[in-house]
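First comes the structure, then the notes that go with it.
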Amino acid sequence: MIVLGIETSCDETAAAVYDTARGLLSHCLYSQVTTHAPFGGVVPELASRDHIRKLLPLIDEALASAAVVPSDLAGVAYTAGPGLVGALLVGATVGVGLAVGWGLPAVPVHHMEAHLLAALLEDEQPAFPFIALLVSGGHTLLVEVAGLGRYRILGETLDDAAGEAFDKGAKLLGLPYPGGPELARLAALGRVGQYRFPRPMLKVPGLDFSFSGLKTALALRVRDLEARGPLSEALRADLAADYQQAIVDTLVGKSVRALSVTGHQRLVVAGGVGANRALREQLRAELSRTGATVYYPRTEFCTDNGAMIAFTGCQRLALAPGAYSSVRVEARPRWPLEELTGP
Ligand code: KG4
Ligand code: ZN
């Protein structure tokens, strides 16, 4: 079964082709980073317009590089949510339009389900059940994954997402958009242990997160230091290193706790922040002590991509082949993961 996947939930336009027999056949991506950079964040209207411009050529490219024609396909999967509504509508209308034109089922895919299944695209893939740490720009979740569609949310952020904490921290340190990778780059040049930041919620029981206090702590620290004069590159690097370390300690501490309370031995890390090297190194070190294993999608599949949508669409279509005959266009900016059901 071959499925075309379309992703347009935020600022990445992506298309990919997945085959249950041969695996991933192609994946193409256009990043809108340069469009949004002058504004310091994603401008929803510009995102929608860019998706309109780029999506159809990307789909052509994905099909051509997979050497697949529409009549080879079993379905068209598209991200139906959560995300920016205008951006979602572009992928949804194109996906449903193509599916109707080609006489195929259109499969609406949950973006976060796709993130948490992305590790299954790799050769070294986790068996069910596992714990997933989903850390993106909009979400920070710990999920118990018993199987496809069998998800229990164990903890989530009460305010900012981990990616947001990276992005807002980067802004405070005067770094350009997109902030997360920039802050990580600066942190790599700094020394950990020069500045003290809180490890939010680590001391309280449970698996929820909170990052807004940490961001405020950085804002106050930057303000105090700037009162004495402009911040040197070395000082900013030290601040970045300690700020990143506070986020990483929190994510690692809660992940280890989630494994311990559930008794599971496998952790999957997904979402954009999963690309963070300090997080990866610390998780690997901590989990090797407990005998648990950590799995990641390759870096390009941690951030938004079409491959995870094509893959998830394939799994969903295989589960309920008759369920996707409708021509309804689904775009759900808010769509709780717990609403999904499994076999
Ligand atoms: O999953 P994703 O690509 O998009 C969403 O669905 O949100 O995640 C994007 C988030 C952004 O906040 C970005 O700053 C963060 O992931 N990010 C990183 C790194 N790469 C991306 N944060 C820290 N370190 C990184 N290397
Ligand atoms: Zn995402």
Side-chain angles (χ1 to χ4, degrees), residues 5-14 16 27 29-33 36-37 40-42 44 47 78-84 87-88 91 109-119 132-141 143 156-157 160-173 175-190 209 211 214-215 240-241 243-252 268-283 296-309 311-312 333-335 337:
I6 294 171
E7 158 64 33
T8 64
S9 66
C10 190
D11 59 346
E12 244 91 45
T13 318
H27 63 102
L29 181 133
Y30 170 77
S31 167
Q32 304 179 351
V33 162
H36 302 292
V42 178
Y78 64 93
T79 302
L84 301 170
L88 289 170
V109 168
H110 192 293
H111 183 81
M112 301 313 288
E113 174 174 54
H115 268 306
L116 66 82
L117 297 181
L133 173 69
L134 289 182
V135 271
S136 70
H139 293 84
T140 300
L141 294 172
V143 188
E156 58 195 313
T157 182
D160 292 348
E164 222 174 335
F166 269 100
D167 295 339
K168 288 178 174 172
K171 220 170 200 167
L172 288 167
L173 292 171
L175 297 168
Y177 164 89
E182 290 289 333
L183 191 139
R185 245 190 302 281
L186 184 62
L189 306 173
F209 302 89
F211 290 107
L214 176 60
K215 172 201 65 194
Y243 182 76
Q244 171 176 268
Q245 191 58 48
I247 299 175
V248 167
D249 282 349
T250 309
L251 295 174
V252 172
V268 170
V269 183
V273 181
N276 185 271
R277 235 192 29 229
L279 175 67
R280 287 178 174 236
E281 282 166 11
Q282 194 161 322
L283 270 176
Y296 300 94
R298 72 195 80 161
T299 312
E300 61 188 321
F301 295 163
C302 272
T303 47
D304 290 348
N305 66 87
M308 66 181 192
I309 306 302
F311 176 77
T312 306
R334 290 179 193 282
W335 184 3
L337 189 65

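We count ligands from 1, going down the list as the structure has it; atoms in each ligand are counted the same way. The chain is numbered in sequence order, starting from 1.
Looking at His139 against ligand 1, nothing comes within 4.0 Å, counting heavy atoms. Proximity of Glu12 to ligand 1, defined as any heavy-atom pair under 4.0 Å, is not found for any part of the residue. The proximity of Asp304 to ligand 1, defined as any non-hydrogen pair under 4.0 Å, involves the side chain as well as the backbone.
The aromatic rings of Trp335 and His110 are tilted relative to each other, their planes meeting at an angle between 30° and 60°.
For the pair Cys10 and ligand 1, no heavy-atom separation below 4.0 Å is found. Using a 4.0 Å cutoff on heavy atoms, Gln244 does not count as a contact of ligand 1. Look at Pro181 and you'll find a heavy atom under 4.0 Å from some atom of ligand 1.
Of all the heavy atoms in Met308 and Ala118, the pair that sits closest is CB-CB, 4.1 Å.
Every atom of ligand 1 with a heavy atom of Phe166 under 4.0 Å away is listed here by number and element: 22 (N), 23 (C). Near Gly137, with a cut-off below 4.0 Å to any heavy atom, the atoms of ligand 1 are 5 (C), 7 (O), 8 (O), 9 (C), 10 (C), 12 (O). Remark: ligand 1 atoms within the under-4.0 Å shell around heavy atoms of His115 are 1 (O), 6 (O). If you number the atoms of ligand 1 from 1 as listed, the ones under 4.0 Å from a heavy atom of His111 come out as 6 (O). Taking every non-hydrogen atom of Gly163 and a distance limit under 4.0 Å, the qualifying atoms of ligand 1 come out as 12 (O). Each of the following atoms of ligand 1 lies closer than 4.0 Å to a heavy atom of Thr303: 3 (O). Under a 4.0 Å criterion applied to the non-hydrogen atoms of Gly138, ligand 1 contributes the atoms 7 (O). Residue-ligand proximity, Asp167 to ligand 1, at heavy-atom distances under 4.0 Å covers atoms 11 (C), 12 (O), 13 (C), 14 (O).
The distance from the CD atom of Glu12 to the CG atom of Asn305 is 9.0 Å, given to the nearest 0.5 Å. Taken to the nearest 0.5 Å, the CD atom of Gln245 stands 9.5 Å off from the OG1 atom of Thr250. Here CG of Leu283 is found 10.5 Å from CD of Glu281. Values are rounded to the nearest 0.5 Å. Put simply, CD on Gln244 and CZ on Arg185 are 11.5 Å apart, with the number rounded to the nearest 0.5 Å. In this structure, the separation between CD1 on Ile309 and CD on Glu7 is 4.5 Å, given to the nearest 0.5 Å. If you take CD1 on Ile6 and OG1 on Thr79, they are separated by 9.0 Å, rounding to the nearest 0.5 Å.
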Mind running side-chain contact (heavy atoms from CB on, under 4.5 Å) on Lys215 and Tyr243 for me, showing each step along the way?
CA-CA 9 Å; Lys215 172 201 65 194; Tyr243 182 76; 4.0 Å; yes

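No donor-acceptor contact under 3.5 angstrom links the side chains of His139 and Glu156, judged on distance only.
For the pair Asp304/His111, a side-chain contact is recorded, criterion being any heavy-atom separation below 4.5 Å from C-beta on. Using a 4.5 Å heavy-atom threshold, the side chains of His36 and Pro178 count as separate. Under the 4.5 Å side-chain criterion, counting only non-hydrogen atoms from C-beta, Thr8 is not in contact with Tyr78.
Considering Leu183, Val135, Leu175 as possible partners of Phe166, the one that fulfils the side-chain contact (heavy atoms from CB on, under 4.5 Å) test is Leu183.
Looking at ligand 1, you'll find an N or O of Gly272 within less than 3.5 Å of one of its N or O atoms. Not one N or O of Gly179 is nearer than 3.5 Å to an N or O of ligand 1, by distance alone.
Across Asp160, Asn276, Val42, Leu183, heavy-atom proximity to atom 24 (N) of ligand 1 is greatest for Asn276.
Scanning all protein heavy atoms for the shortest distance to atom 22 (N) of ligand 1 gives Gly180 CA, 3.6 Å.
Contacts of Phe211 classified as ring-ring contact (aromatic ring centres under 6.0 Å, His included), with partners at least two apart in sequence or in another chain: none.
For the Zn ion (ligand 2), the count of nearby protein N/O/S atoms, taking only those under 2.8 Å, is 3.
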